[in-house]
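For clarity, every value in this text was computed on a predicted model and none was experimentally measured. Throughout, a chain's letter reflects where its sequence line sits, starting with A, and its residues are numbered from 1.
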There are 2 protein chains.
Amino acid sequence: MLSFFDMSELKDGVTRQVYLTLRRDILNWRLLPGRRLSEKDIAGRMNISKTPVREAFIKLQGEGLLEIRPQRGTYVSLMDMEQIEEVRFTRYCVESTVLSLFISSPPDEKTLTAMEALLETQEQAIAGRDVDGFVDSDDAFHRELFLACGKARAWSFIDHFSAQYKRLRYLSLQNYLDFGNVLDEHRAILSACRRRDSDNALRWLSRHLNKILGESEHLREKFSVYIKKYGEIQDSGAAHTPIPTHGA
Amino acid sequence: MLSFFDMSELKDGVTRQVYLTLRRDILNWRLLPGRRLSEKDIAGRMNISKTPVREAFIKLQGEGLLEIRPQRGTYVSLMDMEQIEEVRFTRYCVESTVLSLFISSPPDEKTLTAMEALLETQEQAIAGRDVDGFVDSDDAFHRELFLACGKARAWSFIDHFSAQYKRLRYLSLQNYLDFGNVLDEHRAILSACRRRDSDNALRWLSRHLNKILGESEHLREKFSVYIKKYGEIQDSGAAHTPIPTHGA
DNA sequence: CACTTCTAAGATACTAACATATCAGTCGCC
DNA sequence: GGCGACTGATATGTTAGTATCTTAGAAGTG
């Protein structure tokens, strides 16, 4: 319940601290889509001036997490389901190729061991109902795959514009508590890699990345106020309505 | 020879103008890799204050075109060949899938016509030795493909982190004047699309995107001062040496 | 001469104040 | 009552100046 203006630590760069704090709380759903943010307000709460806040806003806008309307206001982005789908598509295009690469090259025992270790980390996160820890080890699992193929930067490209995707994943995990399924999918992918069974590895990866969209149909109704609508008037509606903050 | 502080127009957003001006001149090679930029200096030349310059710097850093060293200085990024290679890899993963999609779905005559029109635009650019115009229509050609498949955002993701790739392409075109080859490749891809010949379309796409790396071997020697070195001391060397500006 | 310390210039990081645009609500006119 | 102009509050956009950090080079020391 520590709200988004914690400021317990600010060693390097105030701008960076603001950025990290806001980013975490948006992905956490402590700051809900559509919520209005104000440079002045946040600067005041954090006892800093507006400029670092403003710069953090700009960075977050670049990741699609904030929408800055010039001279009007800044809002936490609504969930753009079309964008999330295209992130998934892009990611699948790249990651399936990386997975094939990994399997077709000589199996890298060190990487396989590291990935197994991450699965154990995930198990622990499940036991502790630690959504954040689970999400971190999920990312680390996939990242390992890219690193093993010398595609670290390709991962960081994907990671960079996956912010909205991650926000949906967080919601999905919180609501369906399907941690175990994700873990099973990881196990299946890894096991197929060990067997050098490319077909099955790709099948499981596809299922793994697609699942979030399958679930999104269920989420769509329940969380429709947080989802961006097309075809309606773009400048009003849900984005402007005050939304209960349930956390501050 | 109009240098990078032109300021002929500044209708909306000073920050945006600074951003666009700097971005153009970096991709143009009017601002060379390794060159030092100063907030104060640019602000002074443009008769504006430092903040908009600073914000433009941050955006350009996000695209990998600038390197901001806190409290030290801001430099035009050196060419990071490994990053460019991974951009190419990522792009090929996505674009080959999009191309397959385009061919396997019913052929979209409107799109094919539009792409043919773009080829004519390219021909004109070649006739006029207009590198910028050529590059623009090159991008437009590929973008059309993504739009036709409903993957506009996927294109914008790729486009966003392709800045360094584009800079290398500009150099390659200026030095090898192989406009015609690029045009031929586009024609081959389009013609394969018309014949719904997926294999050949993909082969030509692969050749098209790979070419830049083949050429980069030749460029590596001639332009080595502009290329990022790994394994050396990261905090000194070429990046700091004053480099002839040949334009301002 | 080799090495350390000091210093001043100049870079980004940040602050505080001002400029400009937007919008909801109100006033006044019909 | 209905409708358009005005206005105050407040948002971001921009400016100018201050603070802090880094570094090159001078000065001092063995």
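Residue Arg54(B) places at least one side-chain N or O under 4.0 Å from the OP1 or OP2 atom of dA13(C). Note on Thr74(B): a side-chain N or O is less than 4.0 Å away from OP1 or OP2 of dT12(C). Residue Thr15(A) places at least one side-chain N or O under 4.0 Å from the OP1 or OP2 atom of dC14(C).
The aromatic rings of Phe146(A) and Trp155(A) are tilted relative to each other, their planes meeting at an angle between 30° and 60°.
Spacing between atom CG of Leu66(B) and atom C1' of dT12(C) amounts to 14 Å, rounded to whole angstrom units. Glu55(A) has its CD atom 7 Å from the P atom of dC14(C), to the nearest Å. Taking atom CD1 of Ile68(A) as the reference point, atom P of dT22(C) lies 16 Å away to the nearest angstrom. When rounded to the nearest whole Å, the span between CE of Met46(B) and C1' of dT14(D) equals 15 Å. As rounded to whole Å, 17 Å separates atom P of dA11(C) from atom CD of Glu67(B). Atom pair Asp41(A):CG and dT12(D):C1' shows a separation of 14 Å (rounding to whole Å applied). Protein atom CD of Glu39(B) is 14 Å distant from nucleotide atom C1' of dT20(D), rounded to whole Å. Here dT22(D) presents its P atom at 14 Å from CZ of Arg36(B), a figure rounded to the nearest Å.
For Thr90(A), the side chain to side chain contact (heavy atoms under 4.5 Å, CB included) partners at least two apart in sequence or on another chain are Phe161(A), Val94(B), Ala154(B), Phe157(B).
The cationic atom of Arg88(B) (NZ for Lys, CZ for Arg) does not lie both less than 6.0 Å from the six-membered ring centre of Tyr165(B) and within 45° of the ring axis.
Proximity note for Arg72(B) (side chain, C-beta onward) versus dT22(D), dT22(C), dT12(C): the nearest is dT22(D). Of the candidate nucleotides dA13(C), dT15(D), dA11(D), dT15(D) has the atom nearest to the side chain of Pro52(B).
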Listed pairs, N/O of protein and of nucleotides 16-21 of chain C, under 3.5 Å:
residue, atom, partner, partner atom, Å
dA21(C), O4', Gln71(A), NE2, 3.4

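Salt bridge absent: Lys228(B) and Glu82(B) never bring a charged side-chain N and a carboxylate O closer than 4.0 Å. Using a 4.0 Å cut-off between charged side-chain N and carboxylate O, Asp139(B) and Arg169(B) make a salt bridge.
The residue among Asn47(A) and Lys40(B) whose nearest nucleotide of DNA chain C is located toward the 5' end is Lys40(B).
Of the candidates Asp159(A), Asp132(A), Asp138(A), Asp159(A) is the only one forming a salt bridge (Lys or Arg N to Asp or Glu O under 4.0 Å) with Lys166(A).
Residue Ala163(B) comes nearest to Arg23(B) through the heavy atom pair CB-NH2, 4.1 Å, listed as atom of the first residue, atom of the second, then distance.
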